Each structure stands twice: as structure tokens, then as C-alpha cells.
S.K.: 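Shown below is the structure under consideration.
Computed from a predicted model, the values in this text were never measured in an experiment. Numbering of ligands and ligand atoms starts at 1, following listing order.
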Amino acid sequence: MDEPSTAERDPDGAPARAPDGAPERDGVGAPEGDPAETRPGVIVTRGLTKRYRGGQLAVDGLDLTVPAGSVFGFLGPNGSGKTTTIRMLMGLIEPTAGTVRVLGRPMPRAARTVLPQVGALIEGPALYGFLSGRDNLLRYDAADPTADPRTRRARVAAALDRVGLAAAAAKKARAYSLGMKQRLGLAAALLQPRRLLVLDEPTNGLDPQGMREIRTLVRELAADGTTVFLSSHLLDEIEQVCTHAAVMAQGRLVVQGPVADLAAGARGLLVVTTPDAADAARVLKELGVADVTADGDRVTGEPPERDLAEVTAALVAEGVRVRGLTVERASLEDAFVALTGEGFDVAG
Ligand SMILES: Nc1ncnc2c1ncn2[C@@H]1O[C@H](COP(=O)(O)OP(=O)(O)O)[C@@H](O)[C@H]1O
Ligand SMILES: [Mg+2]
């Protein structure tokens, strides 16, 4: 392979430049200030398909575009094809059909150029149980020809610290809990500055506190300019940390886009809080609000097209004492249910 791998590496994770200073030809390093949506993707798949030898169609015609600088949530129930997709992104398995480009280059063909710029945590990180956490990382880093041995110890210490394993660094990895192993795998992905992090269910095996720490870490990495692609079967996790998301169900892409847009696709809920629930329900129906339901002092319905101030005025004019009137924002879960007509645990 004759790709100019060293010239385009950028230790700050900033957009790479070709040696002449022009933006890299694949456009991943588009001029700063561009809205993420207009930049070409850091990951682009077209018609990506994987049928396993047993005949299982695990990924079916996937068209994915991950914008530079995004925290991209790859969301789907267990068995929906997330890990299979990630293994194709990283060149670990061959697609049955379709194409993958990572950092503008075809995978798996350009793996040697691309992979040093990508930190990855893939299901069940391979660890040497007889080595300490620290020695696992030293060994992992030593196997990376692009890693500087002079800074190895310091980088390993910093990565262990970043994932909260500094105090357990000398412990043998076989004594680690699942969550600690997961953190160690994440530390391995953080040994060098990366343009892209691919994390397969990074909070698997972590308790709520550990999950919060990973979310904070992901936000920090994104703030440093790293694009983060992370998979999860947990909707609220994606909603809390991701700017963009793709939803998978049974190997197929259901929808992708900015998280705010996806949630906005679902309609949300008009909620009126009042001691006069029966009257409020009647007035809302008269105003043409659909699906009006009264439950205690809470009356809900579909958000109306008209101005909420008008709705409030109409209620008050009819003698309804309004304590509160809001439109509750739809969640990603609402969007998922609206899109698939099913609950989230379809194939779980
Ligand atoms: N190595 C394999 N051989 C055959 N089938 C597989 C293999 N790995 C995964 N599958 C099947 O492919 C589908 C998608 O699996 P996977 O990509 O692991 O989903 P997820 O990561 O979303 O849970 C599942 O039906 C799973 O059983
Ligand atoms: Mg998986």
C-alpha cells in the first residue's frame, strides 16, 4: 500500500491535511466551521450486507453516513446487526455485498492506513488474564508500529487514569470485573489521539456510575474533535450523549439523522394539568385536539397545530383552572415506536 499514512496523521485529532496543506481529498478534513451535516462522512457504507455462512442475514443493505465531529449512536436491540456492522467497518470480516469507507478510504483494503487513526472497542476485548491491566496496555501499544515507545509508559498511565483504572493498574486482568475489562478495552482505544473512535456497547457490564463516567468521557473526546461512533441497545444512553443516531432493527436501517430531528419526528404530547379535568377534556375536544385522555388532574392529547396560547385562553374562557400546559418533547423511544410500530425490545 502506498498511501501517505504519516503525512496525514494529526495528533490533535484536527482535520487532516494533505502534505501540500490542501484539505484531504476525501473531504473528511473539510474546512472548519462547516456544519457537520454538510461534510462527507467519516464512515460511509452503501448497500452493506452480511450473510453469515449459516445463512443468517445479519446486515441487510445498510446505507450509513457518520458526519465528522458527531457522536453517532448506533442503536438497536440485541441481534439487530450492530456488532456485525462494526466488524465490517474495522475490516475484521468481509461484507457479502456493498462498500465501506472509513476516513474516506475503502475497507478492508486500506486497513493499514485507516486503522492506526481509529481507536476501537469491540465486543469482548481480548486480554491476557495473567498480565496486569497496565502490562496488557504496554503490550498492546508495543504491537502498534505507529506508537512511539518513548512515550509508551506515560500514554498507558494517562489512558488508565482516563478510564478510572489507575488504582487497579497493577492487578491481573483475570481479576477484573466485566466493567473493569470494558474500561481496559476502552483505555486501549485511547492510547493514541484518534480521529475516530468506534465503541461497541462501551457501557456493557458497567453500573450506573460507570455508565455516567463513560458518557462524560465520550463527551470530552468529542469536544477534543474526535468523531465517536458507539453502539448501544439502550435508548436513553444514546439520547443523553449522541448528536446523531441510526436505528437498526433486524439488520436493517430504520432511520438515521440528528437525534433532535429523530425525536421531533414523533409528535410529543400535549399535557394540561388542572383540577377541572373533565371540563378541560371537553374543551380540548371542541378545539379539535385528537386522542384526548383524562387521568386524575392530567389531561393529555395530540399537540394541536394552533398556538398554545389560544388553547390556554380557550380553556380559561370556559372556566377551566389551568395549573400547567405544556407539550412534552417526544423521546427517541417514541420515535422508534412510531417508526416501527413496535416496542424497542423487538428482537431482544
Ligand atoms: N459469527 C456468526 N455466525 C452466524 N450468525 C451470527 C454470527 N454473529 C452474529 N450472528 C447473527 O447475526 C445477527 C446479528 O448479530 P450481531 O451483529 O451480533 O447483533 P447485535 O450486535 O446488534 O446484537 C444475529 O441474528 C446473530 O445471531
Ligand atoms: Mg453486539
S.K.: Any Lys/Arg nitrogen of D224 or R162 sitting under 4.0 Å from an Asp/Glu carboxylate oxygen of the other?
M.R.: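 R162 and D224: salt-bridged.
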S.K.: Report the residues that fulfil side chain to side chain contact (heavy atoms under 4.5 Å, CB included) with P275, sequence neighbours left out, ordered by chain and then residue number.
M.R.: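 In terms of side chain to side chain contact (heavy atoms under 4.5 Å, CB included), with neighbours along the sequence ignored, P275 is linked to R321, R323.
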S.K.: What protein heavy atom is closest to atom 5 (N) of ligand 1, reported as residue, atom name and distance in Å?
M.R.: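 So the nearest neighbour among protein heavy atoms is Y52 CD1, 3.2 Å.
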S.K.: Partners of D161 by salt bridge (Lys or Arg N to Asp or Glu O under 4.0 Å), sequence neighbours excluded?
M.R.: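 Partners of D161 under the salt bridge (Lys or Arg N to Asp or Glu O under 4.0 Å) test: none.
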S.K.: Does ligand 1 have an atom that lies less than 4.0 angstrom from a heavy atom of P77?
M.R.: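 Per 4.0 Å heavy-atom rule, P77 contacts ligand 1.
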S.K.: Between V198 and V102, is any pair of side-chain heavy atoms under 4.5 Å apart?
M.R.: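 SC-SC contact between V198 and V102 ruled out.
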S.K.: Is any side-chain heavy atom of T84 closer than 4.5 Å to a side-chain heavy atom of Y52?
M.R.: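 A side-chain contact under 4.5 Å exists here.
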S.K.: How about E318 and D279: do any of their side-chain heavy atoms sit closer than 4.5 Å?
M.R.: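 Sidechains of D279 and E318: no contact.
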S.K.: I need the nearest protein heavy-atom contact for atom 11 (C) of ligand 1: residue, atom name and distance, please.
M.R.: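 Result: Q56 CG, 3.7 Å.
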S.K.: Does the protein put any heavy atom within less than 4.0 Å of atom 19 (O) of ligand 1?
M.R.: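 When distances to the protein are checked, atom 19 (O) of ligand 1 has a heavy atom within 4.0 Å.
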S.K.: What are the protein N, O or S atoms, given as residue plus atom name, that sit under 2.8 Å from the Mg ion (ligand 2)?
M.R.: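 Near the Mg ion (ligand 2), the protein supplies T83 OG1, E123 OE2.
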S.K.: Is the closest heavy atom of G54 to ligand 1 under 4.0 Å?
M.R.: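 The answer is no: ligand 1 sits nowhere under 4.0 Å from a heavy atom of G54.
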S.K.: What atoms of ligand 1 come closer than 4.0 angstrom to any heavy atom of T84?
M.R.: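 Every atom of ligand 1 under 4.0 Å from some heavy atom of T84: 15 (O), 16 (P), 17 (O).
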S.K.: Taking the side chain as every heavy atom from C-beta outward, state whether R46 and R101 have any pair of such atoms under 4.5 Å apart.
M.R.: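 No, their side chains stay 4.5 Å or more apart.
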S.K.: Flag yes if more than 12 heavy atoms outside D295 fall under 6.0 Å of its CG atom; otherwise flag no.
M.R.: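 12 or below, so no.
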S.K.: Would you call the rings of F72 and F229 parallel, tilted or perpendicular, where under 30° means parallel and over 60° means perpendicular?
M.R.: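 F72 and F229: parallel rings.
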S.K.: Distance-only check: which donor-acceptor pairs under 3.5 Å involve side-chain atoms of residues 200-211, not counting sequence neighbours?
M.R.:
unit_1 : atom_1 : unit_2 : atom_2 : d
D200   : OD1    : S231   : OG     : 2.5
D200   : OD2    : T83    : OG1    : 2.7
E201   : OE1    : H233   : ND1    : 2.8
T203   : OG1    : E237   : OE1    : 2.7
T203   : OG1    : E237   : OE2    : 3.1
D207   : OD1    : Q209   : N      : 3.4
D207   : OD1    : G210   : N      : 2.7
Q209   : OE1    : R212   : NH2    : 2.9
Q209   : NE2    : E213   : OE2    : 3.0

S.K.: Can S80 be said to touch ligand 1, with heavy atoms closer than 4.0 Å?
M.R.: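 Heavy atoms of S80 do come under 4.0 Å of ligand 1.
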S.K.: Distance-only, no hydrogens or angles: does the R155 side chain make a donor-acceptor pair with backbone N or O of D148 under 3.5 Å?
M.R.: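 Here the side-chain-to-backbone pair exists.
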S.K.: May I ask you to check if ligand 1 and N78 share an N or O to N or O distance below 3.5 Å?
M.R.: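 No, there is no polar N/O contact under 3.5 Å.
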S.K.: Considering only the protein, which heavy-atom contact is closest to atom 24 (C) of ligand 1, and what is its distance?
M.R.: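 Looking only at protein heavy atoms, the one closest to atom 24 (C) of ligand 1 is G79 O, 3.8 Å.
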S.K.: Looking at atom 26 (C) of ligand 1, would you say a protein heavy atom lies below 4.0 Å from it?
M.R.: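 No, no protein heavy atom sits under 4.0 Å from atom 26 (C) of ligand 1.
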S.K.: Return the closest protein heavy atom for atom 12 (O) of ligand 1 as residue, atom name and distance.
M.R.: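 Atom 12 (O) of ligand 1 sits closest to the protein heavy atom A58 CB, 3.3 Å.
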S.K.: Looking only at heavy atoms, is any part of K82 under 4.0 Å from ligand 1, and if so is it the side chain, the backbone, or both, or is it neither?
M.R.: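 It is both parts that get close, each with some atom under 4.0 Å.
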S.K.: Other residues, nucleotides and ligands only: do more than 12 of their heavy atoms fall within 6.0 Å of OH on Y128?
M.R.: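 No, OH of Y128 has 12 or fewer neighbouring heavy atoms, counting only those of other groups under 6.0 Å.
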S.K.: Do any N/O atoms on R87 end up under 3.5 angstrom from N/O atoms on ligand 1?
M.R.: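 In fact, backbone or side chain, R87 has no N or O that close.
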